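Structure record follows, encoded as structure tokens.
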Amino acid sequence: MKATQLTTLVLALSLAFDPAAASAQACPAGRACFYVPPAMPVVPGYTVGWDMVLASPRGTITGTWRAGTGAATAFSVGAGVPVVIPLGAALGTAAAYDAAETRGIFIEASSSELIVDHRESSGPWQSSSTVKASSYSLGTRFRLGGYNLNNPLDPETGFDYASIYAPFGATVTLTAPPGATLPFWSASATATLVVVLAAGETYIARTLPGLTCTREIDAALVTSTDPISVDTGGRGWSGTCGVGAGCG
């Protein structure tokens, strides 16, 4: 065996036995995994329901899902017969902004064709996200996009957010869009916000709320030392932010 071949083999083995890759949130060989970040916390005074819909485009897909540190629950989804899993606010959302929590949903499936939709099922507004398999969704660099809905109506509106899921732990840096008015992030006075997360932890960072149309998350940058999953959204009202309607 040539020296270059031996070096390559050693490198491959060291990656295969990387302790970080052996965490409980790593995807087992031969499985497709999905990492679902939590939705924004429930606004005080409102009741909001959440669920998760699992669907298969063809054949039967089996697997398990686990919310946070809870026990794994088995599922089986046939083609054209989706499975609706009630989550509620306790499992479907974060408890608070700008706080490290263990609130993500970890799914192991027999096929990457599984369709995972995380959605609000009841409440005064609408919110949902479709989550890709980890081979597509996990990364270390994301350029964010959002909606032009940052016209505040009350203290709990007028902001965008980025929901982050760190299955292996990570140091995550969020950078405001170029030329953005500072402070931009609600938890940082500068253009950057640095968050350190343990394996399996989640974090929802939000822009400074309550300032009309000045905190759009479009073009904000998220970088990470380890693969993470990122979801974006927001809560506000249009009308004066370049959108002609007057509703949220």
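Please read these numbers as outputs of a predicted model, since none were measured by experiment. Sequence positions, counted from 1, serve as the residue numbers for this chain. FYI, side chains are in, hydrogens and waters are out, and symmetry mates aren't considered; it's all heavy atoms of this structure.
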Are any non-hydrogen side-chain atoms of [X] and [Y] less than 4.5 angstrom apart?
X    : Y    : result
R206 : D160 : no
T140 : V222 : no
I105 : M52  : yes
I61  : S110 : yes
L208 : P183 : yes

Rounded to the nearest 0.5 Å, what's the gap from [atom1] on [X] to [atom2] on [Y]? Could you check?
X    : Y    : atom1 : atom2 : value
I217 : F184 : CD1   : CZ    : 5.5 Å
F34  : L54  : CZ    : CG    : 9.0 Å
F106 : T64  : CZ    : OG1   : 7.5 Å
L197 : D226 : CG    : CG    : 10.5 Å
L87  : W50  : CG    : CH2   : 9.0 Å
T157 : R235 : OG1   : CZ    : 6.0 Å

Using the test side chain to side chain donor-acceptor pair (under 3.5 Å), find all partners of [X] that sit at least two apart in sequence or belong to another chain.
X    : result
S188 : T190
Y161 : none
D231 : S129

Check whether [X] reaches the backbone of [Y] with its side chain - one donor and one acceptor, N or O, closer than 3.5 Å.
X    : Y    : answer
S224 : P227 : no
T232 : A162 : no
R103 : E201 : no
H118 : G92  : yes
D218 : G146 : yes
S229 : Y35  : yes

Once salt bridge (charged side-chain N to carboxylate O under 4.0 Å, His left out) is applied, do any residues pair with E101, and if so which ones, sequence neighbours excluded?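 Salt bridge (charged side-chain N to carboxylate O under 4.0 Å, His left out) list for E101, sorted by chain: empty.
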Can you give me the closest heavy-atom contact between [X] and [Y], atom names plus distance?
X    : Y    : answer
A191 : L182 : CA-CD2, 3.7 Å
W185 : T192 : CD1-C, 4.2 Å
L91  : A67  : CD2-CB, 3.9 Å
E108 : P28  : OE1-CG, 3.5 Å
V42  : A89  : CG2-CB, 3.6 Å
I204 : P38  : CD1-O, 3.7 Å

Can you tell me which residue pairs pass the ring pair (Phe, Tyr, Trp, His ring centres under 6.0 Å) test with a partner in residues 76-102, sequence neighbours excluded? Y97-F159
Could you give the side-chain donor-acceptor pairs of residues 69-79 under 3.5 Å, partners two or more places apart or in another chain?
none

Going by the disulfide bond (SG atoms under 2.5 Å apart) test, which pairs reach into [range], not counting sequence neighbours?
range           : result
residues 99-136 : none
residues 28-83  : C27-C33
residues 40-131 : none

Side-chain heavy atoms under 4.5 angstrom apart, residues restricted to Ile, Leu, Val, Met, Phe, Trp, Tyr: same cluster for [X] and [Y]?
X    : Y    : answer
Y203 : L144 : yes
I85  : I115 : no
V116 : V230 : no
V48  : V36  : yes
I107 : I164 : no

Mind listing the side-chain donor-acceptor pairs of residues 165-177 below 3.5 Å, one per line with the distance, residues two or more places apart or on another chain?
{"residue": "Y165", "atom": "OH", "partner": "Q25", "partner atom": "OE1", "Å": "2.6"}

Side-chain hydrophobic cluster, 4.5 Å single linkage: members besides V81: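 Members besides V81: none; it forms no cluster.
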Is the number of heavy atoms from other residues, nucleotides or ligands under 6.0 Å of R143 CZ greater than 12?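 Atom CZ in R143 is crowded, with more than 12 foreign heavy atoms closer than 6.0 Å.
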Can you pull the salt bridge (charged side-chain N to carboxylate O under 4.0 Å, His left out) pairs that have at least one residue in residues 113-125, sequence neighbours excluded? D51-R119, R58-E113
